[in-house]
Amino acid sequence: MSYDTILVEQHDAVTLVTLNRPKALNALNARVLDELIDAFAAFEADDGQRCAVLTGQGDKAFAAGADIKEMAEKPMADFYREDYLAKWHSDFTNAIRKPWIAAVNGFALGGGCEVAMMADFIIASDNARFGQPEIKLGVAPGMGGTQRLTRAIGKAKAMEMILTGRMMGAEEAERAGLVARVVPQADLIDEALKSATTIAAMPPLGTMMNKELVNAAAEMTLSQGILHERRLFQLLAGTEDKAEGMQAFIEKREAHWKGR
Ligand code: HXC
């Protein structure tokens, strides 16, 4: 697939994907979704690629939301018949088992905030602004915003943001637990790539299973989650990478991962 709305680059084992509609503040239209699904499926399938970073072109926006111009004229029957937005969940979020980071450079609003929250974690530039302003358009978040924002920052703040459409700055977002780290805007991509490179150098199976386990915390009861964790720990104990990792520690040398 050739891409019109995103850019894809490989930095060794890290895939950098950039939303590339800066004139529309990287608004997410149907084409962007198809291209993102394709690019992330290629990342997932490529054994040489171990971690991805998603960011937005320009210094103003990660993504200012779903494309309002595309949604404005669409009748309700079409939204329902197409099961509009379902692919974000089934083909995008659920299909990516390798880790990826959202590097948020400016506005992450509506669907933009929701896509950022689909990432394994968010690194934000100091000018990042997060919000779910759908209420002002007469709709609601439709790609997980009411659920992921509430889990990330708690009911009080999520409810206030969603009912008023208020944006949250980077520092408040970090304090609230929405973002892992805030960095100066000029350093954002370097910092995100550095973090992704660190993750890419970890044992592959362990990385995927650790991601699965942290995500399970949002889906399972505590006792189910703890049992799932113990089982995956036991599974990892049978890998060659576990033997190598422990032997390398004892021999005071670097480990060489095989991914099995
Ligand atoms: C389509 C968009 C857009 C969007 C910005 N643009 N956001 N186009 N969809 N979501 C376009 C503008 O129309 C304009 O193009 C250009 O980008 C620059 O935007 P401006 O508004 O001129 O910039 P500025 O004055 O700096 O304001 C920035 C902004 C504002 C505060 C981010 O653009 C804004 O409020 N955007 C909408 C944010 C939003 O409501 N997002 C939620 C969408 S609904 P032209 O060609 O006119 O110059 C959503 C639902 C998700 O995401 C799932 C459920 C359906």
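We count ligands from 1, going down the list as the structure has it; atoms in each ligand are counted the same way.
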Yes or no, since that's all I need: does a protein heavy atom fall within a distance strictly under 4.0 Å of [atom]?
atom	value
atom 17 (O) of ligand 1	yes
atom 35 (O) of ligand 1	no
atom 20 (P) of ligand 1	no
atom 2 (C) of ligand 1	yes
atom 9 (N) of ligand 1	yes

Could you tell me the residue and atom name of the protein heavy atom closest to [atom], and the distance to it rounded to 0.1 Å?
atom	value
atom 11 (C) of ligand 1	A24 CA, 3.9 Å
atom 54 (C) of ligand 1	G142 N, 3.4 Å
atom 26 (O) of ligand 1	K60 NZ, 2.6 Å
atom 33 (O) of ligand 1	L25 CD1, 3.7 Å

Review point. Is V139 near ligand 1, meaning one of its heavy atoms is under 4.0 Å from it?
Key: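 For ligand 1, residue contact (heavy atoms, under 4.0 Å) with V139 is absent.
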Hey, is [atom1] on [X] packed in by over 12 heavy atoms from elsewhere, all under 6.0 Å?
X	atom1	answer
Q234	CD	yes
E160	CD	yes
R97	CZ	no
E254	CD	no

Regarding [atom]: of the candidates [options], which has the closest heavy atom?
atom	options	result
atom 37 (C) of ligand 1	N26, I135, V115, I68	I68
atom 46 (O) of ligand 1	K136, K23, Q132, K69	K69
atom 4 (C) of ligand 1	A61, A66, A72	A66

Relative to the heavy atoms of [X], which atoms of ligand 1 are at a distance of less than 4.0 Å?
X	value
A140	54 (C)
M71	44 (S), 55 (C)
L109	32 (C), 38 (C)
E114	51 (C), 53 (C)
M143	53 (C)
L85	53 (C), 54 (C), 55 (C)
A64	7 (N), 10 (N), 37 (C), 38 (C), 39 (C), 41 (N), 42 (C)
G65	52 (O)

**Study point:** Side-chain donor-acceptor pair present, N127, Q185, cut-off under 3.5 Å
**Key:** yes
Exercise for review: Look at the side-chain heavy atoms of Ile, Leu, Val, Met, Phe, Trp and Tyr, link any pair under 4.5 Å apart, and say whether L54 and F130 land in one connected group.
Suggested key: yes
Review point. In this structure, which one of T55, I199, L193 forms a side-chain contact (heavy atoms from CB on, under 4.5 Å) with I101?
Key: I199
Review point. Does the side chain of F233 come within less than 4.5 Å of M209's, by heavy atoms?
Key: no
State whether [X] and [Y] are salt-bridged, where the test is any N-O pair (Lys NZ or Arg NE/NH1/NH2 against Asp/Glu carboxylate O) under 4.0 Å.
X	Y	result
K74	E70	no
R253	E244	yes
E44	K98	no
E191	K194	yes
D78	R81	yes

Exercise for review: With heavy atoms only and a cut-off of under 4.0 Å, state how L137 meets ligand 1: side chain, backbone, both or neither.
Suggested key: side chain
